[in-house]
Amino acid sequence: MLTDDEKTNDTDRKRDRTHPLSSSQTAYVQQRAATPRAATHIYKELLEEIISLRRKPMEPISEKEIAAHFGVSRTPVHQAVLRLADDGLIDIFPQSGTFVSRIPRRALYEAILIRKSLEETTVKLAAEQANAADIKRLEASITDLALAEAVSDNELFHQADTSFHLQINAIAGFPGIWNVIQQVKMQIDRYRRLTLPQRGRLTRVIDEHEAILDGIRRHDTAHAIEAMGFHLGQMLNEVKEMRNVNPSYFIDDV
């Protein structure tokens, strides 16, 4: 004897067999299910292109061309573009077009201040508790920086630099702080791509990282904080200079 729930489920199964989805309905359901995944993938790809300056400020964004490139409809592309606009990396001008945003000078300055404050905290914690294995990993990151400098690979250098800072955060033991840093450093990463080609810049960065590591290695929190503050604070001093060199890349935000 079937219970009321079992009867209902049995009726539903019979209804499903009696009224299967048409091919167009099936395609629609599949497309709706795939759209969020496609939008996330496209977002990540465009984000990397913008942050690495492969897509430069004021470069037009064509949703039609991007959709064709990824072999998808314009829906996930539009979702990705809206998300990038929320990040401040894309400007949408109704009736005019969609463009990669310029680097907002005030927001950049603020982001550097936030990152500097957060990383002074994480480096203090790292200096207090780093063990021998932690030190070896940080030393390996600096070796990676030197190798990238030797082959003049700025992108590889940037990745090794990010790895060094990420490892310090991991030693500190607060991954949530790095999540915040990731959010605020989007404009910083674009800006740093402009500073890395400067003559002698890579060597200076390596020296600054060595100073940070020295403080962590000796468990000297004051030295580690000072070294990190100097390292990130350098960017504050360079903003005005880089804005003069690449004026079309920046905008004076309120």
**Asked** Which distance, rounded to the nearest 0.5 Å, do you find between the OG1 of Thr162 and the CZ of Arg192?
**Response** 6.5 Å

**Item:** Any side-chain heavy-atom pair of Gln79 and Tyr43 under 4.5 Å
**Value:** no

**Side-chain H-bond candidate by donor/acceptor type, Thr98 with Glu63, under 3.5 Å** = no

**From CG (Leu236) to CG (Leu108), nearest 0.5 Å** = 8.5 Å

**Item:** Aromatic plane relationship, Phe99 with Phe93 - under 30° parallel, 30 to 60° tilted, over 60° perpendicular
**Value:** tilted

**Message:** Testing the basics here: between Ala67 and Ser73, what is the closest heavy-atom pair and its distance to 0.1 Å?
**Reply:** CB-O, 3.8 Å

**Note, Leu138 side chain near Arg217 side chain (heavy atom, < 4.5 Å)** = no

**Prompt:** According to a 4.5 Å side-chain heavy-atom criterion applied to Ile, Leu, Val, Met, Phe, Trp and Tyr, with indirect links allowed, do Ile92 and Ile103 form part of one hydrophobic cluster?
**Reply:** no

**Message:** Given 3.5 Å as the limit, does a donor-acceptor pair link the side chain of Lys124 with the main chain of Thr121, or not?
**Reply:** no

**Request:** Working to the nearest 0.5 Å, report the span between CZ of Phe70 and CG of Leu46.
**Result:** 5.5 Å

**Greater than 12 external heavy atoms within 6.0 Å of Gln234's CD** = yes

**Asked** Any salt bridge between Arg137 and Asp134, counting N to O under 4.0 Å?
**Response** yes

**Prompt:** Less than 4.5 Å apart, any side-chain heavy atom of Leu145 and any of Glu149?
**Reply:** no

**Asked** Is it true that atom CD of Gln198 has more than 12 heavy atoms of other residues, nucleotides or ligands lying nearer than 6.0 Å?
**Response** yes

**Message:** Hydrophobic clustering (ILVMFWY, side-chain heavy atoms < 4.5 Å, transitive) - are Ile206 and Ile212 grouped together?
**Reply:** yes

**Under 3.5 Å: donor-acceptor pair, side chain of Asp220, backbone of His223** = yes

**Request:** Output the distance between atom CD1 (Ile171) and atom CD (Glu128), rounded to the nearest 0.5 Å.
**Result:** 12.5 Å

**Asked** Are the side chain of Asp189 and the backbone N or O of Met186 linked by a donor-acceptor pair below 3.5 Å?
**Response** no

**Request:** Side-chain contact test, heavy atoms from C-beta onward, threshold under 4.5 Å: evaluate it for His165 versus Lys185 and give yes or no.
**Result:** no

**Prompt:** Hey, which of Leu232, Ile225, Thr221 is the one that makes side chain to side chain contact (heavy atoms under 4.5 Å, CB included) with Glu120?
**Reply:** Ile225

**Request:** Mind checking the CG-CE spacing from Leu113 to Met235? Nearest 0.5 Å is all I need.
**Result:** 10.0 Å

**Request:** Determine whether the side chains of Ser163 and Gln167 contain a donor N or O and an acceptor N or O closer than 3.5 Å.
**Result:** yes

**Asked** Do Arg83 and Asp87 pass the salt bridge (charged side-chain N to carboxylate O under 4.0 Å, His left out) test, and can you show the C-alpha distance, the side-chain angles, and the key distance before you say yes or no?
**Response** CA-CA 6 Å; Arg83 186 174 170 185; Asp87 291 337; 5.2 Å; no

**Message:** Could you check whether any side-chain heavy atom of Glu59 comes within less than 4.5 Å of a side-chain heavy atom of Glu49, counting everything from C-beta outward?
**Reply:** no

**Prompt:** Relative to the ring of His209, is the ring of Phe164 parallel (under 30°), tilted (30 to 60°) or perpendicular (over 60°)?
**Reply:** parallel

**Request:** Measure across Pro76 and Ala38 and return the closest heavy-atom pair with its distance rounded to 0.1 Å.
**Result:** CB-CB, 3.8 Å

**Item:** For the student: nearest non-hydrogen atoms of Ala130 and Ile135, plus distance
**Value:** CB-CD1, 4.1 Å

**Request:** For atom NE2 of His78, decide whether the heavy atoms of other residues, nucleotides or ligands shown that lie under 6.0 angstrom number more than 12.
**Result:** no

**Asked** How about Ile50 and Arg190: do any of their side-chain heavy atoms sit closer than 4.5 Å?
**Response** yes

**Item:** Arg55 and its side chain to side chain contact (heavy atoms under 4.5 Å, CB included) partner, picked from Leu89, Ile61, Ile90
**Value:** Ile61

**Asked** Is it true that a side-chain atom of Glu208 and a backbone atom of Ala227 form a donor plus acceptor pair closer than 3.5 Å?
**Response** no

**Prompt:** Is Ile216 reachable from Ile181 through a run of hydrophobic residues whose side-chain heavy atoms are each under 4.5 Å from the next?
**Reply:** no

**Request:** Kindly work out whether a path of hydrophobic side-chain contacts (I/L/V/M/F/W/Y, heavy atoms less than 4.5 Å apart) joins Val205 to Leu194.
**Result:** yes

**Prompt:** Are the side chains of Arg193 and Glu155 in touch, meaning some heavy atoms are under 4.5 Å apart?
**Reply:** yes

**Item:** Nearest heavy-atom neighbours spanning Ser101 and Gly88
**Value:** OG-O, 2.8 Å

**Asked** For the atom pair OG (Ser62) and CZ (Arg74), what is the distance rounded to the nearest 0.5 Å?
**Response** 7.0 Å

**Request:** Consider only side-chain heavy atoms of I, L, V, M, F, W and Y, link residues closer than 4.5 Å, and tell whether Val184 and Leu84 are in one cluster.
**Result:** no

**Request:** Starting from the C-alpha separation in whole Å, work towards a yes-or-no answer on side chain to side chain contact (heavy atoms under 4.5 Å, CB included) for Phe174 and Thr122.
**Result:** CA-CA 8 Å; Phe174 289 92; Thr122 56; 5.7 Å; no

**Request:** For the residue pair Tyr191 and Arg105, establish whether any side-chain heavy-atom pair is separated by less than 4.5 Å.
**Result:** no

**Asked** Is Glu65 atom CD crowded by more than 12 heavy atoms from other residues, nucleotides or ligands, each under 6.0 Å away?
**Response** no

